[in-house]
Structures are given as C-alpha cells and as structure tokens.
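Here the structure is a predicted model, which means the values were calculated and not measured. Ligands are counted one by one from 1 in listed order, and the atoms in each one are counted from 1 as well. Basis for what follows: all heavy atoms, side chains included, without hydrogens, waters or symmetry-related copies. Sequential numbering from 1 along the given sequence is applied to the chain's residues.
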Amino acid sequence: MFKIIVVENYDEASREAFKVMKEVIDSNERPVLGLATGSTPIGLYKKMMADHKTGTSYKKCITFNLDEYIGLPKTHEQTYYTFMHDNLFNGLDIPEENIHIPVGDSANVPAECIKYEEAMKEYHIDIQLLGIGGNGHIGFNEPGTPFDTLTHIVDLQEKTRQDNARFFEHIDEVPTQAITMGIATIMKSKKVLLIATGENKADAIYGMIKGPVSEACPASALQNHNDVVVIVDKAAASKL
Ligand code: F6R
C-alpha cells in the first residue's frame with residue numbers, strides 16, 4: 001500500500017523524508033535502518049546530521065546498506081562505504097560495529113551475500129530507504145530481476161557502467177559487478193520510504209504505482225508491500 005506525498009521540490013522532499021525517518025527512530029528502542037546511496041538521499045542525510053548536531057544521539061541505530069561494488073578496496077573513493085561515511089556516518093555517532101555495508105572486496109563474495117542476508121534476519125529492518133532508477137530499478141536490481149531474489153551478485157549493465165564512468169578516471173576502472181539486497185530482501189522490511197525527484201523519474205514512478213506488477217519494473221514489486229511511503233516532487237509525480 002502506497003502513501004504518496006507530493007511536494008514542491010527536493011528540499012521539501014528531504015524535509016518530509018526526515019519526518020518519516022525520525023518517527024521510526026524515535027519510536028524504536030533499537031531502530032534498524034536500511035540505507036541507500038546516490039544523489040536522492042543526500043538532503044535527508046544532511047537533515048539527520050543537523051539533527052545530531054543539535055544534540056540527538058543516533059547511537060542506538062543499526063544500519064544496513066542496500067548495495068556495494070565488488071572489487072574495490074573498502075576505502076577507494078568510489079565505494080559506497082566511502083560515500084556513506086562522507087555523507088552520513090562521519091556526521092553521526094552510530095558505533096562502527098552497528099554499520100553494515102556489503103563487503104565488496106571479500107575473498108568469498110557468495111559467502112558474504114549469505115552472511116549479509118543472515119545478519120538482516122537477526123535485525124529486522126524497520127525502515128528501508130530507497131531511491132529509484134529511471135528504469136524502475138531499486139538497489140542494483142535491474143529490470144528482469146526475479147522478485148524472489150535475496151542478497152546476490154549482479155553483473156552491472158554496460159549502460160550503468162557508462163553512467164558511472166564519470167566518477168572514475170577510466171571506464172576500465174568501473175567495477176563490473178556489485179552486491180545488492182534482492183527484491184525479496186527489500187520486501188521484508190517493515191516500512192519502505194522511497195524518494196524520487198525530477199522528470200527523469202516520472203516513468204519509473206508511474207510504473208511502480210500504476211503499472212502491472214512485473215519484473216520489467218522492479219519497483220512495481222512494492223505494490224505488494226503493506227507500508228510504502230513515496231515522497232515525490234511534482235515533476236516525478238507528473239505521469240500519475
Ligand atoms: C543506491 C541504489 C540505487 C539508487 C538509484 C537512484 O544505493 O541502490 O538504486 O537509489 O539508482 O539513484 P539517484 O538517487 O542517484 O538518482
């Protein structure tokens with residue numbers, strides 16, 4: 001079930017998202033947060049860091065990130081590990097042992113996927129934050145991903161690698177694989193908070209909410225989740 005909140009702009013989207021996130025954090029003894037990378041959550045993360053600066057502690061939070069590249073050392077500037085520390089964790093007081101990000105340079109990546117999924121069984125995610133790709137992807141689950149997938153290895157599509165090449169010196173440096181929570185993993189979280197802004201997300205938002213539930217639009221799986229808050233600006237909502 002979707003609760004759709006339409007806002008004017010990115011800043012308002014971040015403000016509304018912060019309210020939803022804060023409510024979950026305040027109402028749980030040990031909040032378990034599923035987090036995302038990308039440009040979408042940065043505004044929300046800024047609000048969380050500002051909240052911490054005014055005295056709120058985030059020490060009791062446990063976090064799980066959606067995905068990570070395979071093959072880059074953890075501290076490489078393009079890992080999601082680095083992104084999360086630069087854009088959120090360094091500005092909060094969550095103990096490092098409470099932070100979970102798939103280990104993309106593990107010597108045994110298939111075992112890492114199983115271990116990650118097991119850890120989420122122990123800590124049931126209270127709120128999973130999501131962005132959405134222009135093609136409806138969530139996490140690194142591209143169109144065609146079966147809905148029953150748990151945390152798994154994905155081969156990155158050539159288009160995705162080209163899109164990300166701008167962050168690397170050369171396209172050859174862009175990883176060819178990633179670890180991602182699967183769609184079934186995401187569906188297990190108690191609540192989903194999906195933010196989308198901008199016209200380039202309008203088709204994906206339409207497909208997610210009004211399209212058929214189909215692997216052609218991975219986010220459409222969320223039609224079968226009972227608690228999804230969608231925060232969209234007018235441009236992203238324009239096709240609804
Ligand atoms: C991020 C992730 C991706 C992004 C999506 C949108 O961890 O898994 O699914 O949420 O690609 O990216 P942005 O926010 O950059 O438009």
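Side-chain contact check for Glu112 and Ser106: no donor-acceptor pair (N or O, by modelled atom type) lies under 3.5 Å. In summary, the side chains of Tyr58 and Asp51 do present a donor paired with an acceptor at a separation below 3.5 Å, with no hydrogens or angles considered. Looking at Glu215 and Thr145, their side chains never bring a donor and an acceptor atom within 3.5 Å of each other.
Following chains of ILVMFWY side-chain contacts shorter than 4.5 Å, one can reach Phe18 starting from Leu33, so the two form part of one hydrophobic cluster.
Of the protein's heavy atoms, His137 NE2, 2.7 Å lies nearest to atom 11 (O) of ligand 1. Of the protein's non-hydrogen atoms, the one nearest atom 2 (C) of ligand 1 is Asp67 OD2, 3.5 Å. From the protein, the heavy atom lying nearest to atom 16 (O) of ligand 1 is Lys201 NZ, 2.7 Å.
Shown in contact with Leu66 at under 4.0 Å from a heavy atom are these atoms of ligand 1, numbered in order with element: 7 (O), 8 (O). Taking every heavy atom of Gly38 and a limit of under 4.0 angstrom, the matching atoms of ligand 1 come to 14 (O), 15 (O). Those atoms of ligand 1 that come under 4.0 Å of a heavy atom in Gly131, given as number and element, are 10 (O). Ligand-side atoms of ligand 1 in range of Ser39: 13 (P), 14 (O), 15 (O), 16 (O), range being under 4.0 angstrom from any heavy atom.
Ring geometry for Phe64 versus Tyr116: interplanar angle over 60°, hence perpendicular rather than tilted (30 to 60°).
Of all the heavy atoms of Ile132, the ones lying under 4.0 Å from any atom of ligand 1 belong exclusively to the backbone. Under 4.0 Å from ligand 1, heavy atoms of Thr40 appear from its side chain as well as its backbone. Residue-level proximity to ligand 1 for Thr37 is carried by backbone and side chain together, each with a heavy atom below 4.0 angstrom.
For Glu118 and Lys115, the salt-bridge test fails: no basic side-chain N is under 4.0 Å from an acidic carboxylate O. We find that Asp11 and Lys47 are joined by a salt bridge, their nearest charged nitrogen and carboxylate oxygen being less than 4.0 Å apart.
For atom 3 (C) of ligand 1, the nearest non-hydrogen atom from the set Ala36, Ala196, Gly139 comes from Gly139.
A 4.5 Å side-chain heavy-atom check between Ile205 and Leu194 finds at least one atom pair inside the cut-off.
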